[in-house]
Asker: 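I'd like to ask you about the structure that follows.
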Amino acid sequence: MAVGVGMSLLPSYAQVANKIVGGPKRIVFFLQNHGFAPLTCIPKGLDESCDLDGITLAEPMQALEPYKDRMHIITGLHGHHTSAGHSAYFGALGGYRGSQGVPPAGPTIDYALSQALPQTILPPLCIGMESIESMKARPTVANLTASGPNQPIFMHCDPNMLYQMLFGSIADGDIKTLYQARSNVMLDVERVAKLKAKGLPRGESERYANYVNGFRDVNGLRDKLSKMPKQLKKYAPEPDERYTAPKFETDWHDALLEIGISALQANLTNVLTIGSGCGEYFGSWKGLGVTGTGHGLGHVDQPGNDTWIKIRQYNCEMLVKTMKALEAIPEGSGSMMDNTLIVYTSNNGEKQHTDGSNWPFVLLGNAGGRFKTGQYTHIKERPINDLYTTFLHGVGAPVDRFNMNKNMADIHHSKLGPIEELLA
Amino acid sequence: MSICRLIYCTVLLTFLFASLAPANEVQFENLAKPFLENFCLDCHDAETSKGEVTLDNLSDISAENATMWKRIWEQVALKEMPPRKKKNQPELMQRLEISNWITDGLAQALKNKGGYHDHLRPIKGNHIDHDLLFGGKHKNLEPASTPARIWRIHPQEHLVRLNDLISPKRKYNPERPGLWTHGDHIPTNLEGETKVYFGLDRYLGSSQQYEVYVRGISGFQSKLSMINDHGLRNYPFLYSVNSSEAMQIAGVAEKILRFMAYGPTAEPYQFSDSPFNMNKIPPQYRRLVIYDKEIKRPLTPVYELMETPGVSDERLNEVINFLFEALTLRPPSKEETAIYLKIVNKSIEDLGKEDGAFLGLTPIFLDRDALFRPELCAIGKPDKHGRVMLHGQELVLAINGAFSYIRPQTDHLGTALAEGNLKTPEDVKREVTRILNDERSRKPRVLQFFREYFDYDRAGSICKDEKSLQKDGGHFGTYYSAMNSMIANTDRLIEIILHEDKNVLSELLTTDRVVYQPYTSGADFRPGILFKTDIAYFNARGKKRIPYKEYVEIEPTKENKLVIERAKRLVHDQNKLHHIFPNPAKPIYVRQSPFDRGRAPPAKNSLKAITTVDTHERLGILTHPVWLVAHSDAMDNHAILRGRWIRERLLGDAVPDIPITVDAMLPDEPESTLRHRMRVTREKECWRCHQKMDPLGLPFEMYNQLGIVRDTDPRNNFGQPVDTSGEIILSGDPALDGPVTNPIELIKKLAASERVNQVFVRHVFRYWIGRNETINDALILRDAYKAYRDSGGSMKALLTSLLTSDAFLYRKVQGE
């Protein structure tokens, strides 16, 4: 439990949200583990900010060529203070010290944004992609997202469980009956748990309340979802064999993405965080023909490497899928995609064993016109926190700093306010 | 001492002994201001601002100045400030008083901003001075107690209870004490997985063994989280159960219930008599797991409920009571049974008997008392200090929980309670003594302490850079399994030493014994196969190998094939033994998970070997590869971490948190020794803390990052001789301070020190009492140390003393 970082500096994001009219509605974070080598995205020799018009993206990111006009590639940000090593864990989206076993020191940017954007019933939704064995053994895992100090938010890795959770109420017949019966049992569990809270000393009852509130949240969510069957039916994905009998882990990765996209389309959530590799330093992509698994994947130079071409291409296909799905839904005077920002990066800087000195980001979309697009920008010496401050400015919830207190700012070259070059 | 000082101290002490009154009663004006003026402002006012720290503008503790006050707390508590060379130093009691005032104040100020609990964490336990606890006469101490609380169960505890529902209970075999027995912790496999399996005991075989076996046998890991960090990890206030964990528990509960009723999910043709002939299984079914027809799991009321048609309240109550007791370790009250009966009946109404019962019984797995152990003393009249002694079921569970994760099959504690013989500390002593002396009663909690104390169990999660691993003599493909194997081996060694129960700490630190795996899992003796065993890590590089015995080829026949394999293996081992271990080894069983990707059918337990080391090269656990690797990083040793371990766990001191202004990284110089790269810590502002760590960790440079003794040829060490010198400084025991030439000498000095043994006692206190010690625990700690010392270093005597102390037996229910 860290003292000092971001503790007294949290603006009330929820208050700000009420002021937003139109414009930014949703953000998607996609973090690929093992690092994001800049040369897998931009051509060699590019070190000055410029227009993307004259640039050809590197092979792994080819799928995004048609979308360059809405893209913004950013390099040069640093994450020295996140202890990125094998993964910065919560530090990647938190902008504070991460590292294995270290609890989150404060809220992460995806959570902060979910509170700042127009509210939905499940902000944020986090999904995690790993090997099949891993996803089955750990259907929920928390490494990337947090709502506050020592308050991690879990990624869902089992698409069947996630589907049940979000869309179970609209199923038919036996599944519906089972869903109802489960709901009844969970309500009873909450009731019994509450009974046993009586007589606990104050400090203990707060800790026990975490336990009880867990059931309350689960039951509350079920309740809200049960009141929106039409919307759920319209956007719910079809759980096919990929869900129930996956041939490869990528079947489940695709299924999870599908559910995530459906959740965005149905406005169940305003922030989707995708942890490809679950924010750790393992992972598996046999479905792409990648034979290696585990953390050895990170011990290779990515540019030109067959495995990494495949993985990043797969990532980009997912991004394209997401964009197309959002383009298909009208919103305001355009489509959902017009009011969306997608943020693609890694939880591990530019490579494994990094010191965090160059942390690349690829942004897609401009969330209602606030973010510059069609650019490559090389930032000299600012921490990733400042990018996150920029996001908050961009969605209309401005703050001076994000998880960066005054004393640290100088050491980490953090400036007050957003990175101006990134905002329209 | 001047008159002013005397009055000042008296005033302070009065405040102190008024049970360390909360900060808002002892104002900044009365305590902190005079302290700052007396000891701090000479160097830290606006004019002088030494170290860029200004304190004269400080006032009462608030959220805004909390960071500064926290720094002050650490510096003052750890005697870093005023600088040691200054003559004007606060008394230890003054330090304690200001220390408590600050931490109380921080807790108040940050109450609604996430709270402040840093000082309660195990790693901050040394912030109360050792000499206050073990020296000086303290009058008017408040009688010790521990706050009333609920203690979330340990993930192992949870797994063991769940395993108990679905796995046979292996009886303790005194001839083979190393075998896994009912009540032991769930062992980890070579992959580093700790899992409970469904039906593994009934596994007979399958074709395509590896793939089918691995995919066909399902299991589950712990659903409860644990801090993945160094040191003691399990204080009650650190844990709750969140919604995700709860939902996962509910999910696995259903699977468990179904298994309890029906056994493995398999088709009839997958069950066979044992031994079985694969050829008798129709070809289309061979790529499946084949199970023994004989039922092996315990047959419980859940089984009976499903086996017999129909359902009734009576039968359901039997199931509920059974499950409740298995999961909470106590019988349910009438009210509790009634609540769960209602839930399961409703569920049966919704879904029918089968699905309804399985769903409707899962809430028992989520009962508060299935996941937390209460120490609330809700009934009972508090004494004048607001304390109540643990009694009834809570006392039974506390005593049981000090050792075990389940209730033993013969319920002595329950009987004692029922007969009215579990009321006094003498009763507790009797029961504790009985448990400690009963080998059949398994005590995984004790081993877990040593894991958290030494941290050697972290070796399996230290990632190594492939190139660097190979350069240092490791083998990337087998590194993790070697580490996980060695962790289990070290567990066994510790159990042996605990069984002997003499000079336990000293023996752990200086034993010449080691448990290791002598052979590979395959009978392949190509030259160089050594890397597949963990012998490779006990190696010394650059040492010449002398063959011990010539192997003479024997013509293999059908009859002698197995004999040859064994003989080959024996000679091979002896060859390796001769120049790695000086003496022949004896066989010994080690608890390793039966489920292993490399082995099918499942290994029952691992047969390993125990022998002795060359004590010029190694001595005790701190020189075992698992400890060394656990305190290393991806590419090299971590001398700072090793030094810190010694500073904290053996010397009872601590290093303040790294200031946020510090970018703590060693230079990236691949052609330099670690010692040379660590020169940067000698900068003035760094050395103040690093002097407490570096000289203690650097002697272990004798070994490389895999725990292998380095080649002393400078040509293989970046042109430098291997420098294993170090120093013990600021230990608080002048007899202990001084230079050392190598880690063996360092370890011997530490093991012989009384202070070190006392610090060990402090850690034992923390683990079993579940909190950091306070000044009020001083006499308990002294008694505990005396019991340990006077019994010749017996862990049993130490535990008996602690578990009959007020700190363990009394809960504070009022006056918080």
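Computed from heavy atoms alone, side chains included, the values below leave out hydrogens, waters and symmetry copies. So that the names make sense, note that chain A is the first sequence line, chain B the second, and so on, each numbered from 1.
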Asker: Could you give me the CA-CA distance, side-chain angles and deciding distance for A:S183 and A:R222, then say whether side chain to side chain donor-acceptor pair (under 3.5 Å) is met?
Answerer: CA-CA 8 Å; A:S183 295; A:R222 277 175 178 258; 2.6 Å; yes
Asker: Around atom NZ of B:K255, are there more than 12 heavy atoms from other residues, nucleotides or ligands closer than 6.0 Å?
Answerer: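 12 or below, so no.
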Asker: Quiz question: by atom type and distance under 3.5 Å, do the side chains of B:T362 and B:E254 form a donor-acceptor pair?
Answerer: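 No, B:E254 and B:T362 have no side-chain donor paired with an acceptor closer than 3.5 Å.
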Asker: Would you please test A:H86 and A:H353 for ring pair (Phe, Tyr, Trp, His ring centres under 6.0 Å) and show each step?
Answerer: CA-CA 6 Å; A:H86 283 119; A:H353 299 162; 4.7 Å; yes
Asker: So what's closer than 4.5 Å to chain B heavy atoms on A:L195: side chain, backbone, both or neither?
Answerer: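 Contact with chain B: side chain only.
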Asker: Identify which part of B:A378 has an atom lying under 4.5 Å from any heavy atom of chain A, answering side chain, backbone, both or neither.
Answerer: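 When you check distances to chain A, no heavy atom of B:A378 falls under 4.5 Å.
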Asker: Relative to chain A, which segment of B:L351 carries a heavy atom at a distance below 4.5 Å: side chain, backbone, both, or neither?
Answerer: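 Only the side chain of B:L351 comes within 4.5 Å of chain A.
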Asker: Would you find more than 12 non-hydrogen atoms of other residues, nucleotides or ligands less than 6.0 Å from B:K353 atom NZ?
Answerer: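 It does: B:K353 NZ has more than 12 such atoms within range.
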Asker: Is chain B contacted by the side chain of A:R216, its backbone, both, or neither, given a heavy-atom distance below 4.5 Å?
Answerer: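 Neither part, no heavy atoms under 4.5 Å.
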Asker: Evaluate whether atom CZ of A:R191 has more than 12 neighbouring non-hydrogen atoms of other residues, nucleotides or ligands under 6.0 angstrom away.
Answerer: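 For A:R191, atom CZ is crowded (more than 12 foreign heavy atoms under 6.0 Å).
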Asker: Are there over 12 heavy-atom neighbours, none belonging to A:K351, within less than 6.0 Å of that residue's NZ?
Answerer: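 Check fails, neighbour count at 12 or below.
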Asker: What part of B:I150 gets within 4.5 angstrom of chain A, counting heavy atoms only: side chain, backbone, both, or neither?
Answerer: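 Both parts, backbone and side chain.
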Asker: So what's closer than 4.5 Å to chain A heavy atoms on B:K223: side chain, backbone, both or neither?
Answerer: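 The side chain, not the backbone.
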Asker: Counting only non-hydrogen atoms closer than 4.5 Å, does B:Y239 touch chain A with its backbone (N, CA, C, O), its side chain (CB onward), both, or neither?
Answerer: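 For B:Y239, backbone heavy atoms alone lie under 4.5 Å from chain A.
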Asker: Using the benzene-type ring in the case of Trp, are the ring centres of B:F372 and A:Y211 under 6.0 Å apart?
Answerer: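 Ring centroids of B:F372 and A:Y211 are less than 6.0 Å from each other.
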Asker: Which answer fits A:H156, side chain, backbone, both or neither, if we ask what part of it has an atom under 4.5 Å from a heavy atom of chain B?
Answerer: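 Neither part.
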Asker: Which atoms of B:L371 come close to chain A, meaning under 4.5 Å heavy atom to heavy atom: side chain ones, backbone ones, both, or neither?
Answerer: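 Contact with chain A involves the side chain of B:L371 alone.
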Asker: Can you tell me which portion of A:D217 sits under 4.5 Å from chain B's heavy atoms? Options are side chain, backbone, both or neither.
Answerer: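 Neither part; nothing is under 4.5 Å.
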Asker: Regarding B:R233 and B:D457, does a basic nitrogen lie under 4.0 Å from an acidic carboxylate oxygen?
Answerer: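 Result for this pair is yes, salt bridge flagged.
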Asker: Please find the pair of heavy atoms, one from B:A246 and one from B:L366, that lie closest to each other, and give the distance.
Answerer: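 Residues B:A246 and B:L366, closest heavy atoms: O-CD2, 3.6 Å.
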Asker: When you measure from the side chain of B:T328 to the backbone of B:F324, do you find a donor-acceptor pair of N or O atoms at a distance under 3.5 Å?
Answerer: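 Checking the backbone N and O of B:F324 against the side chain of B:T328, a donor-acceptor pair under 3.5 Å is found.
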Asker: Given that the side chain runs from C-beta out, which part of A:A181 has a heavy atom under 4.5 Å from chain B: side chain, backbone, both or neither?
Answerer: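 A:A181 touches chain B through backbone and side-chain heavy atoms alike.
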Asker: Are the charged groups of B:R373 and B:D369 less than 4.0 angstrom apart, N to O?
Answerer: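 The answer is no: the pair does not qualify as a salt bridge.
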Asker: Please classify the contact between A:H81 and chain B as side chain, backbone, both or neither, with a heavy-atom cut-off of under 4.5 Å.
Answerer: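 Answer is neither: A:H81 stays 4.5 Å or more from chain B.
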Asker: Given a strict heavy-atom distance threshold of 4.5 Å, which part of B:I339 is in contact with chain A: side chain, backbone, both, or neither?
Answerer: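 Contact with chain A is through the side chain of B:I339 alone.
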Asker: At a heavy-atom separation under 4.5 Å, does B:E336 approach chain A through its side chain, its backbone, both, or neither?
Answerer: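 Side chain of B:E336 only, per the 4.5 Å heavy-atom cut-off to chain A.
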Asker: Just so I understand: if I count every heavy-atom pair under 4.5 Å between each of B:K346, B:Q248, B:M635, B:K342 and chain A, which residue has the most?
Answerer: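 So the answer, after comparing B:K346, B:Q248, B:M635, B:K342, is B:Q248.
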Asker: Using heavy-atom distances under 4.5 Å, tell me whether B:E375 contacts chain A through its side chain, its backbone, both, or neither.
Answerer: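 Neither; nothing under 4.5 Å.
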Asker: Which region of B:K467, side chain (C-beta onward) or backbone (N, CA, C, O), has a non-hydrogen atom less than 4.5 Å from a non-hydrogen atom of chain A, or is it both or neither?
Answerer: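 Neither part.
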Asker: Quick one: which of B:D367, B:D633, B:D657 has the most heavy-atom pairs under 4.5 Å with chain A, could you say?
Answerer: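 Looking at each of B:D367, B:D633, B:D657 in turn, B:D367 comes out on top.
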Asker: Side chain, backbone, both or neither: which part of B:M247 has an atom under 4.5 Å from a heavy atom of chain A?
Answerer: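 The answer is the side chain of B:M247.
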Asker: Given heavy-atom pairs under 4.5 angstrom as the criterion, report whether the side chain, backbone, both or neither of A:M186 touches chain B.
Answerer: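 It is the side chain, since no backbone atom gets that close.
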